[in-house]
Amino acid sequence: MKESSKCPKFRREGRGDYELAVHRLARAKHFSGIEEIIEHQKHYPDIRHEPFARLLILLYGKARMFDHARKLFDEMPQLNCQRSVFTFNALLESCIRSERYDKIGELFRELPAKLEIEPNVVSYNLAIKALCKAGSLDSALLLMDVIEKHGIKPNIVTCNTLLNALYGSQRFSEAENLWIVMETRNIVPDLCSYNIRLRGLIKVNEVSKAIQFFEEIVKKGFKPDKFSYNTMITMCVDEGNLEEAKMWYQKMVQNGCLPVDATFHMLIPLACDAKKFEFALHLCKKAIEAQVLVYREIMQRVIDGLVEHSEIENAKELVKLAKSCNFHYELWLPLHS
DNA sequence: CTAGGGTTAG
């Protein structure tokens with residue numbers, strides 16, 4: 001790292017890099033710290049690199065501080081930082097992350113002409129996403145046709161955004177219609193498209209169709225991912241079917257997909273409901289092993305259940321494991337003596 | 001170099 005990019009505030013930690021500092025502050029939700037860095041950074045060259053400014057704009061979005069993102073975008077010329085369509089797109093995303101959907105149209109009307117930036121398919125995909133999020137699905141669908149007239153071809157991301165919104169608002173026949181449109185326009189569906197459809201089926205309780213569709217995804221040569229498996233597990237949890245849920249969990253692990261926090265949060269309470277505390281114990285151990293945080297209350301429920309079923313040794317083992325792992329769960333054995 | 005799925009004891 002160049003000396004000029006050192007940030008005095010973080011130098012003593014042995015990390016002089018601004019980007020690392022900013023990431024760390026964002027993770028800690030310490031957004032005023034980010035502003036401090038920008039202020040400091042204005043006198044140094046890093047911010048003149050467009051990617052770094054773009055990162056800050058996105059982080060402001062994450063912090064739901066769109067006005068700050070916009071301010072930085074406007075100040076970039078004074079900081080000798082060139083703006084491109086990438087910067088514009090970052091600003092759009094920041095706007096969406098801040099849920100300021102009303103601002104999107106304004107940005108499109110104002111900026112491209114002024115800055116001689118040509119919006120591209122990514123820009124329009126973001127606009128479509130904003131419309132979907134704002135509940136204007138019809139306008140979003142129209143926009144897909146409008147951009148074609150501007151010479152921009154919708155791609156699979158465009159379609160997935162719209163498919164998701166259509167299934168989400170239960171407009172199934174229009175969703176099916178979009179699949180046909182995709183075929184005629186040679187837009188090839190990907191795993192994301194299929195996962196969206198899988199969720200669509202589950203949303204209307206088409207269990208057997210969902211299972212069948214899952215098989216079709218595999219037959220098409222796709223390797224189901226954590227989204228696919230978690231969708232199937234959600235379906236089983238909704239039905240209270242532990243055996244099926246367990247089956248999908250096992251498939252998930254066998255196929256090298258790592259269960260995530262939601263997987264454990266769905267499965268462990270389900271196992272407890274069914275009084276299958278040995279499976280619940282197994283899941284807790286796996287979560288600890290994979291360093292996935294599980295709510296303390298859920299772990300405690302497993303321990304209580306094990307004790308109730310006289311599995312004292314297992315309960316003790318879990319308490320010990322949970323206490324000594326990274327999360328230092330505070331658990332107790334409900335033994336009366 | 002960007003953009004698009006979801007779940008949870010919240």
Side-chain angles (χ1 to χ4, degrees), chain A residues 19 49-55 57-58 61 82-97 104 117 119-133 140 143-144 147 152-168 175 178 182 187-203 210 213 217 222 224-238 245 248-249 252 257-273 280 283 287 292-302 304:
Chain A
E19 218 169 286
H49 296 302
E50 189 271 346
F52 185 67
R54 207 195 313 155
L55 172 76
I57 288 172
L58 289 172
Q82 268 284 318
R83 286 171 296 194
S84 68
V85 68
F86 291 99
T87 335
F88 175 62
N89 291 346
L91 187 64
L92 293 176
E93 192 176 342
S94 182
C95 186
I96 292 174
R97 287 183 181 182
I104 294 272
I117 285 172
N120 59 15
V121 67
V122 175
S123 324
Y124 286 110
N125 282 345
L126 287 165
I128 287 173
K129 185 181 176 182
L131 287 169
C132 291
K133 291 231 173 205
L143 189 52
M144 178 161 132
I147 64 174
I152 290 170
K153 278 216 163 309
N155 60 15
I156 187 59
V157 177
T158 323
C159 297
N160 286 344
T161 308
L162 290 168
L163 277 175
N164 191 45
L166 285 171
Y167 284 118
L178 184 50
M182 285 161 67
I187 299 172
V188 182
D190 58 12
L191 182 58
C192 177
S193 328
Y194 292 123
N195 283 339
I196 289 169
R197 186 171 182 173
L198 198 59
R199 258 195 311 282
L201 287 171
I202 282 162
K203 209 174 170 105
F213 190 63
I217 297 173
F222 287 97
D225 62 3
K226 60 177 183 181
F227 292 99
S228 329
Y229 288 108
N230 275 334
T231 302
M232 298 311 279
I233 292 172
T234 309
M235 177 188 83
C236 302
V237 170
D238 288 344
W248 286 108
Y249 166 77
M252 179 180 202
C257 282
L258 287 178
V260 294
D261 50 356
T263 321
F264 292 114
H265 282 145
M266 288 189 287
L267 287 176
I268 299 174
L270 185 67
C272 289
D273 287 343
L283 292 167
V292 173
L293 182 69
V294 170
Y295 291 114
R296 195 191 60 81
E297 294 81 356
I298 291 182
M299 285 257 183
Q300 187 63 55
R301 193 177 162 195
V302 177
D304 295 350

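The sequence lines fix the lettering, A, B, ..., with proteins before strands; numbering per chain opens at 1.
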A:Asp238 atom CG is separated from B:dA9 atom C1', nearest whole Å, by 15 Å

Side-chain atoms of A:Asn164 come closest, of B:dG5, B:dA3, B:dT7, to B:dG5

Does the aromatic ring of A:Tyr295 sit over the six-membered base ring of B:dA9, closer than 5.5 Å centre to centre and tilted less than 30°?
-> no

Selected nucleotide, minimal atom distance to A:Phe86 side chain, candidates B:dA9, B:dT2, B:dT8 | B:dT2

For atom CD1 of A:Ile202 and atom P of B:dG5, their distance in whole Å | 17 Å

Look at all strands and tell whether A:Leu92 reaches a base, only sugar-phosphate, or nothing, counting heavy atoms closer than 4.0 Å.
-> nothing

Per the side chain to side chain contact (heavy atoms under 4.5 Å, CB included) rule, which among A:Thr158, A:Ile152, A:Asn125 passes with A:Met144?
-> A:Thr158

In whole Å, what is the span from the CZ atom of A:Arg296 to the C1' atom of B:dG10?
-> 16 Å

Taking NZ from A:Lys226 and P from B:dT7, how many angstroms apart are they, rounded to a whole number?
-> 13 Å

Rounded to whole angstrom units, what separation is found between the CG atom of A:Leu270 and the C1' atom of B:dT8?
-> 13 Å

Specify the separation, in whole Å, of atom CD1 of A:Ile152 and atom P of B:dA3.
-> 17 Å

Length of the line joining A:Tyr229:OH and B:dG5:P, which is rounded to integer Å = 21 Å

Any idea how A:Tyr295 and A:His265 line up, ring-wise: parallel (<30°), tilted (30 to 60°), or perpendicular (>60°)?
-> parallel

Measure across A:Ile233 and A:Ala245 and return the closest heavy-atom pair with its distance rounded to 0.1 Å.
-> CG1-O, 4.2 Å

Of the nucleotides B:dA9, B:dT7, B:dC1, which one has an atom closest to the side chain of A:Thr234?
-> B:dT7

No-H, no-angle donor-acceptor pair, A:Asn155 side chain to B:dA3 base, under 3.5 Å = yes

Report the distance from atom CZ of A:Phe88 to atom CD1 of A:Ile117, rounding to the nearest 0.5 Å.
-> 7.0 Å

Among the nucleotides B:dG5, B:dT8, B:dT2, whichever has the atom closest to the side chain of A:Val122 is B:dT2

Which pairs with one or both residues in residues 82-97 of chain A pass salt bridge (Lys or Arg N to Asp or Glu O under 4.0 Å), sequence neighbours excluded?
-> A:Glu93-A:Arg97

note: A:Leu58, atom CG; B:dC1, atom C1'; distance rounded to Å ~ 12 Å

Check every strand shown and say whether A:Thr161 touches a base, only sugar-phosphate, or nothing at a heavy-atom separation below 4.0 Å.
-> sugar-phosphate

Is any NZ, NE, NH1 or NH2 atom of the basic residue among A:Asp273 and A:Arg301 found under 4.0 Å from an Asp or Glu carboxylate oxygen of the other?
-> yes

CH2 on A:Trp248 to OG1 on A:Thr234, rounded to 0.5 Å | 12.0 Å

Interface with DNA chain B, restricted to residues 188-201 of chain A and to heavy atoms under 4.0 Å = A:Asp190, A:Cys192, A:Asn195, A:Ile196, A:Arg199

Nucleotide nearest A:His265 (side chain, heavy atoms from C-beta), chosen from B:dT8, B:dG5, B:dT7 | B:dT8

If you measure from CZ on A:Phe264 to CE on A:Met266, what distance do you get to the nearest 0.5 Å?
-> 10.5 Å

Among B:dG5, B:dT8, B:dA9, the one nearest any side-chain atom of A:Lys129 is B:dG5

Any donor-acceptor pair under 3.5 Å joining the side chain of A:Asn120 to the base of B:dT2?
-> yes

